[in-house]
Structures are given as structure tokens and as C-alpha cells.
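Each chain gets a letter, A, B and so on, in the order the sequences are listed, and its residues count up from 1.
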Amino acid sequence: MKIITWNVNSIRLRSRLIYKILELENPEILCLQECKSPTENMPFDIFKPLGYKYSACWGQKSYNGVAFISKIPLDKIEKKDFLKCGEARHISIVARGLTIHNFYFPAGGDIPDSNLNKKFHFKLEYIKEVENYFNKKKPSRSILVGDLNIAPESDDVWDHKKLLNVVSHTPIEVNQLKNLQKTGDWVDVFRKHNPKGKYFSWWSYRSKDWKLSNKGRRLDHIWVSADIRNSTNCYILRSVRDWDKTSDHAPVVAELKI
DNA sequence: ATGGTCGCATGGCGA
């Protein structure tokens, strides 16, 4: 089973690019974040000719928003409002006996200090709340994907030392993410298949030449519960970042033995 | 140290 996760940064503006990814990669399920659209305006119908008959989403006007586009039926759709913030940051489904959690974690603002920056405080609290959830309900036959807005390892950023005080790579949030990973006994599928080397899934729009400078971060993740750790491959579709009018994130693909 | 670019929605916020 092939699963792709992509922070699409507007599902409506990028619907043609989504179509192209589905055509090229043919995953069973595509998981999207930052759809930035109300549910009723999400363009799911255009993917039906490719066999993607099923969808599920939690839409929100302008901000956030998570969605699934699928070839296989999606059951037990749940949207968890962690911290009761009312922001569309989580949706989960069950397909072929697997639970897939699709997350868009808070970015956390610019200042990495909870006392000075309530967005950073919110990010840390959000992760704690997710950890509490998976502590009470230990994941089995589960997958966790999404834009977690944290690059945990040195090799997940272009310069570890320069980014130690930059939100997305600070020790406090990295530790929080690792606690969540440990609590759920989650396996980072990407690093299982690519244990060494610099790999990124996000490059800022602001750089003149993103490929040349390559100042990226690996913010997008695919984790699986330990009982289904026999994945076969995981890779980033880096070339998508070079497409015309694309997202600032590249999709991440996982192939699982299910 | 600063500003650089996007998307949404049409001013300014969030990333």
C-alpha cells in the first residue's frame, strides 16, 4: 500500500498538481495539510476519473485544513479538536484495517520562547495533548502522517547549529516530538529507509534559488506503529518542489506491506 | 541585521 502526505498550501490552487501526483504515483491514499478551504469548496470531484472515489476532510476557511483523497473506502472518520482550539489540524480514518492520523501541527511563530510567544506555547501544548492522547490509546496498526513543523535530527536541517534557536529545530520542541514518538512507540519510516544524510521536505518561498541554496528542513513525516513496521520504502518527491506554482513543501511517499 | 515570497482575501495575518 502506497501512502503520500503533502502540505499542499491551498487545495484549490493546487488541484491540478494534486491530479498530476495521483497520476504519476498512483497511491492508495493521499493525505493533505493546509488545504485553506471550507469543506464545501474542496475540489474532490475532479480526482474521481482517476479512481479516487473517496475523500474525507476537516475544512476551515483561509487557514489550516486536512484531507484524505483515496481509492479505497474510508471508515470511522474522526476529527480531533486537540486543545479545543477549533482549528482544523487533525483527521483520522480507518482503511484496510489501518488507522491513519493526518496532522497539521502548529508552526509556532518566530520567537522560540513560550513566555514571549503564545504561538510557540500553543505548539508545545498541542504536541503534549497529542502525546496524552496516544498515551491513553496506544497506537496499533496505525500510521501518523503530516506536517509536524519540526525537523528533529541534525540531518533534517541544512545547518544544525544555525537552526538551534530557530522554531522547528529548537531542543525544547524536538524533545517534545521525541517524547510523543516514544510514547506511541512510533517508527519514523523515512529515517528507517534513509538513516543518514541531509533530506528535506520544505524549502522557503523566500529563497532566490531553493535548489542552489538548498536551505531546507524535513518537517513532513510518516510514522507507523511498531506492529506494522515492515515498510518497504519511503522517499521525498523533491522534484514536485520545482513544479510551476507549487507548494513550499514536497510530498513524502511511504510503501507499506499491508 | 534585514528582508526576502506566498495564499487568502482584498487589509493584514499566518507561514
**Q** Taking ILVMFWY side chains as joined if any heavy atoms are under 4.5 angstrom apart, and letting links pass through other members, which residues group with Trp202(A)?
**A** Leu219(A)
**Q** Could you give all pairs that pass the salt bridge (charged side-chain N to carboxylate O under 4.0 Å, His left out) test and reach residues 104-129 of chain A, with sequence neighbours left out?
**A** Lys123(A)-Glu173(A), Glu125(A)-Lys128(A)
**Q** For the pair made of CH2 in Trp203(A) and P in dC6(B), what is the distance, rounded to whole Å?
**A** 16 Å
**Q** In whole angstrom, give the distance that lies between atom CH2 of Trp202(A) and atom C1' of dG7(B).
**A** 15 Å
**Q** What residues join Trp186(A) in its hydrophobic cluster, counting side-chain heavy atom gaps under 4.5 Å, either direct or through other members?
**A** Phe82(A), Leu83(A), Phe103(A), Phe105(A), Phe122(A), Tyr126(A), Ile127(A), Val130(A), Tyr133(A), Phe134(A), Leu144(A), Leu148(A), Ile150(A), Val174(A), Leu177(A), Leu180(A), Trp223(A)
**Q** Between dG11(B) and dG7(B), how far apart are the C1' atoms? Round to whole Å, please.
**A** 14 Å
**Q** Sequence neighbours left out, cut at 3.5 Å: what donor-acceptor pairs do the side chains of residues 8-19 of chain A make with other protein atoms?
**A**
unit_1: Asn9(A); atom_1: OD1; unit_2: Lys36(A); atom_2: NZ; d: 2.9
unit_1: Asn9(A); atom_1: ND2; unit_2: Tyr205(A); atom_2: OH; d: 3.2
unit_1: Ser10(A); atom_1: OG; unit_2: Leu13(A); atom_2: N; d: 3.0
unit_1: Arg12(A); atom_1: NE; unit_2: Ser37(A); atom_2: OG; d: 3.4
unit_1: Arg12(A); atom_1: NH2; unit_2: Lys36(A); atom_2: O; d: 3.4
unit_1: Arg14(A); atom_1: NE; unit_2: Val8(A); atom_2: O; d: 3.1
unit_1: Arg14(A); atom_1: NH1; unit_2: Lys245(A); atom_2: O; d: 2.9
unit_1: Arg14(A); atom_1: NH1; unit_2: Thr246(A); atom_2: O; d: 3.3
unit_1: Arg14(A); atom_1: NH2; unit_2: Asn9(A); atom_2: O; d: 2.7
unit_1: Arg14(A); atom_1: NH2; unit_2: Tyr205(A); atom_2: OH; d: 3.4
unit_1: Ser15(A); atom_1: OG; unit_2: Arg12(A); atom_2: O; d: 3.4

**Q** Just how far, in rounded Å, is P of dC6(B) from CZ of Arg241(A)?
**A** 9 Å
**Q** Please give the distance between the C1' atoms of dT10(B) and dC6(B) as a whole number of Å.
**A** 15 Å
**Q** Is it true that Lys2(A) and Glu25(A) have a side-chain N and a carboxylate O under 4.0 angstrom from each other?
**A** yes
**Q** With rounding to the closest Å, how many angstrom separate the C1' atoms on dA15(B) and dG4(B)?
**A** 14 Å
**Q** Does any pair with a residue in residues 44-71 of chain A pass ring pair (Phe, Tyr, Trp, His ring centres under 6.0 Å), and if so which ones, sequence neighbours excluded?
**A** none
**Q** Rounded to whole angstrom, note down the P distance from dC13(B) over to dA9(B).
**A** 16 Å
**Q** What string of B, S and - do you get for nucleotides 8-15 of chain B, 5' to 3', when a contact is any protein heavy atom under 4.0 Å?
**A** SS----SB
